[in-house]
Novice: 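One structure, as structure tokens, below. Some questions next.
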Amino acid sequence: MSKSFSAFGLAVSAVVLTCLPAGAQTKVTNEGISATEIVIGTHQDLSGPIKGWGVPVANGMKMATEEINASGGINGRKIRLVVEDSGYDPKKAVLASQKLIERDKIFAMVGPMGSPTVLAAQDILFDAGVLQLFPLTAAEFTFKFDPAKPQERLKFNNLLPYVESTRAALKYMMEWKNFRKPCIMHQDDEYGKNVLDGFNQQLTAMKVQPASITSYKRGASDFSAQVAKMKSDGCDLVVLGTVLRETIGAMTEAKKLGWDVTFLGATPTNVMEVPALGKDAVEGLYAASGFEIPYEDTAKGKVKDWLVNYKKMFGTDANTQAIIGYNAMMTFAFYASKAGKDLTGQKMLDALESGEKFLDIFNSPPTKFSKTDHLANTITQVQQVKGGRWVLVKDNLMF
């Protein structure tokens, strides 16, 4: 038993043991489950550099929670969602996770935000037997697990992974446009390194040498040196391992230099705020993506109703991030319902690994897990900013 697990003072009776083929056992908590409710925790960036992701994700989770509870909950239990602000700071994410486990007694961590923050806090969850479900990062550490480390079995991811999506989108762009001198600018953290891995792996497979590789520190706002270097190196395609403001900042800098180059963003760039805030500077940007972004003036049926209801609830238009947050809670509710009325950590884990498919209202690829694969999907799209909104360029891509 680790020191961090001992520090939580969790009762042995609050943890069940799950058998693995090799004889190793996974501890899964039963905390947070009562006759009337299920306590769910999440940490989001509500005040830091990617609050443009964290706030709408939290809103989407809250909206889903209200809908689930209004319809009677999950087998009669209402969800109590506890949201903590990490500020996109790994240390704050650790403190938030400790608080959610020790004080709030959460059953599961759903949709926690960010690669560096999730990475810093996930072992605390695993030591306590808390499931880490559908984090807002597609880094490989959130779904790949070592069977010799049974607590890692508690992590599941339903997002398109950075490595695979970058590879698929890059392969498509290289073959379609016949680029010869690709380069990359990436964030210097786990997220950016995953995008870099995808970039390097695909170029190696295609026997192409990168023209330039450059990075920036998380939270940076000046990209003049990086853009100038890539221009000087003669890049004809720039892959961006960036988020919101960094995407806009890099492309704005290129415009200032009069550099007409093609940009391809990783999946976190594929959000409505990029064209809305970047305007002409980001026109023509391509991005890897997992599903088509709905717009209220063209959406129909349940998606149209959802967009209208979101605006009524929060006073702003829904976006990609809100959809992802909403789906995280709806996916949890689906598998918790499958676990049955006598919900336990063991039964929730069994339901997640059952192979049952969850289908959302947004026509995303189905979510499906197994005992050996805790990643739901690797099918990639490429979208492009045209006329201030994202449009589909190519679907069903694999590398």
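For the numbers below, each heavy atom of this structure counts, side chains included, while hydrogens, waters and symmetry mates do not.
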Novice: On a heavy-atom basis, which atom in P294 and which in F362 lie closest, and how many Å separate them?
Specialist: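 For P294 and F362, the tightest heavy-atom pair comes out as CG-CD2, 4.4 Å.
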Novice: What do the steps show when you test W390 against Y295 for ring-ring contact (aromatic ring centres under 6.0 Å, His included), and what is the final call?
Specialist: CA-CA 9 Å; W390 290 100; Y295 290 88; 9.4 Å; no
Novice: If the condition is ring pair (Phe, Tyr, Trp, His ring centres under 6.0 Å), which residues does F291 pass it with, not counting sequence neighbours?
Specialist: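 So F291 forms no ring pair (Phe, Tyr, Trp, His ring centres under 6.0 Å) with any residue.
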Novice: Any Lys/Arg nitrogen of D342 or K347 sitting under 4.0 Å from an Asp/Glu carboxylate oxygen of the other?
Specialist: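 Yes, charged N to carboxylate O under 4.0 Å.
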Novice: Run the salt-bridge test on R389 and D297 with the 4.0 Å N-O cut-off and return the result as yes or no.
Specialist: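 D297 and R389: salt-bridged.
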Novice: Establish, from distance only, whether the side-chain atoms of T42 and Q44 form a donor-acceptor pair under 3.5 Å.
Specialist: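 Short answer, yes.
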Novice: Main chain of M61, side chain of Y326: is a donor-acceptor contact present, judged purely on distance under 3.5 Å?
Specialist: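 Not at all, since once roles are kept as given, no pair shorter than 3.5 Å links the two residues.
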Novice: With sequence neighbours excluded, give me every salt bridge (Lys or Arg N to Asp or Glu O under 4.0 Å) pair touching residues 57-71.
Specialist: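 The answer is none; no pair qualifies.
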Novice: Considering residues at least two apart in sequence or located in another chain, which fulfil the ring pair (Phe, Tyr, Trp, His ring centres under 6.0 Å) criterion with F369?
Specialist: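 Per chain and number, F369 pairs via ring pair (Phe, Tyr, Trp, His ring centres under 6.0 Å) with F156.
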Novice: State which residues pass side chain to side chain contact (heavy atoms under 4.5 Å, CB included) with F358; sequence neighbours excluded, sorted by chain then number.
Specialist: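 Per chain and number, F358 pairs via side chain to side chain contact (heavy atoms under 4.5 Å, CB included) with M330, T331, F334, Y335, D360, T367.
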Novice: Testing the basics here: between L285 and G265, what is the closest heavy-atom pair and its distance to 0.1 Å?
Specialist: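 Nearest pair, atom of L285 first, then G265: CD1-N, 4.0 Å.
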Novice: Any donor-acceptor pair under 3.5 Å linking the side-chain atoms of Y216 with those of Q226?
Specialist: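 Their side chains do not contain a donor-acceptor pair, so the 3.5 Å distance test is not met.
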Novice: Please name the pair of heavy atoms, one in V195 and one in G241, separated by the smallest distance, quoted to 0.1 Å.
Specialist: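 The pair with the smallest heavy-atom distance is CG1-CA, 3.9 Å.
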Novice: Can any side-chain N or O of D45 pair as donor or acceptor with the backbone N or O of S47 at less than 3.5 Å?
Specialist: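 Answer holds: yes.
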Novice: Is any side-chain heavy atom of M329 closer than 4.5 Å to a side-chain heavy atom of I79?
Specialist: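 M329 vs I79: side chains touch.
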Novice: On the 0 to 90° scale, with breaks at 30° and 60°, tag the F263-W259 ring pair as parallel, tilted or perpendicular.
Specialist: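 Because their plane-to-plane angle is over 60°, the rings of F263 and W259 count as perpendicular.
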Novice: Are R218 and Y88 in a cation-pi contact, defined as NZ or CZ under 6.0 Å from the six-membered ring centre and within 45° of the axis?
Specialist: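 Cation-pi check for R218 and Y88: passes.
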Novice: Tell me which one of T142, N377, T137 satisfies side chain to side chain donor-acceptor pair (under 3.5 Å) with N157.
Specialist: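 In the set T142, N377, T137, the residue that makes a side chain to side chain donor-acceptor pair (under 3.5 Å) with N157 is T142.
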Novice: Charged N to carboxylate O under 4.0 angstrom, E152 versus K144?
Specialist: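 Judged by the 4.0 Å cut-off on N to carboxylate O distance, E152 and K144 do not form a salt bridge.
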Novice: State whether the side chain of R245 and the backbone N or O of G219 hold a donor-acceptor pair below 3.5 Å, judged by distance alone.
Specialist: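 It does hold such a pair.
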Novice: Give a yes or no on whether the backbone of R180 and the side-chain of D236 come within a donor-acceptor separation of less than 3.5 Å.
Specialist: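 Yes; at least one donor-acceptor contact below 3.5 Å.
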Novice: Same cluster or not: are I101 and L95 linked, directly or through other Ile, Leu, Val, Met, Phe, Trp or Tyr residues, by side-chain heavy atoms under 4.5 angstrom apart?
Specialist: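 I101 and L95: separate clusters.
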Novice: Sorted by first residue and then second, give each side-chain hydrogen bond (donor to acceptor under 3.5 Å, both in side chains) pair with at least one member in residues 68-83; sequence neighbours left out.
Specialist: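 side-chain hydrogen bond (donor to acceptor under 3.5 Å, both in side chains) check on residues 68-83 returns E37-R80.
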Novice: With K171, which residues qualify under side chain to side chain donor-acceptor pair (under 3.5 Å), at least two apart?
Specialist: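 If we apply the side chain to side chain donor-acceptor pair (under 3.5 Å) test to K171, skipping adjacent residues, the hits are E175.
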Novice: Under a 3.5 Å cutoff, is there a donor and acceptor pairing between the side chains of D233 and S212?
Specialist: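 Distance-only check passes for D233 and S212.
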Novice: So, does K338 use its side chain to make a donor-acceptor pair with the main chain of E356 at under 3.5 Å?
Specialist: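 It does not hold such a pair.
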Novice: State whether a side-chain donor-acceptor pair under 3.5 Å links E273 with N319.
Specialist: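 Result is yes, a qualifying pair exists.
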Novice: Counting distance only, does the side-chain N/O of H374 pair as donor-acceptor with the main-chain N or O of K155 below 3.5 Å?
Specialist: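 Looks like yes, one N/O pair under 3.5 Å.
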Novice: Does the Y310 side chain pair with the main chain of A322, one donor and one acceptor, at a distance under 3.5 Å?
Specialist: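 Pair absent, no side-chain N/O of Y310 close to backbone of A322.
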Novice: Can you find a side-chain donor-acceptor pair between S289 and Q383 that sits under 3.5 Å?
Specialist: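 Note: S289 and Q383 side chains meet the donor-acceptor criterion.
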Novice: Is it true that a side-chain atom of E84 and a backbone atom of A96 form a donor plus acceptor pair closer than 3.5 Å?
Specialist: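 Absent.
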Novice: Is it possible for you to say whether I248 and M185 belong to one hydrophobic cluster, with membership spreading through side-chain heavy-atom contacts below 4.5 Å?
Specialist: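 Yes, I248 connects to M185 through the hydrophobic network.
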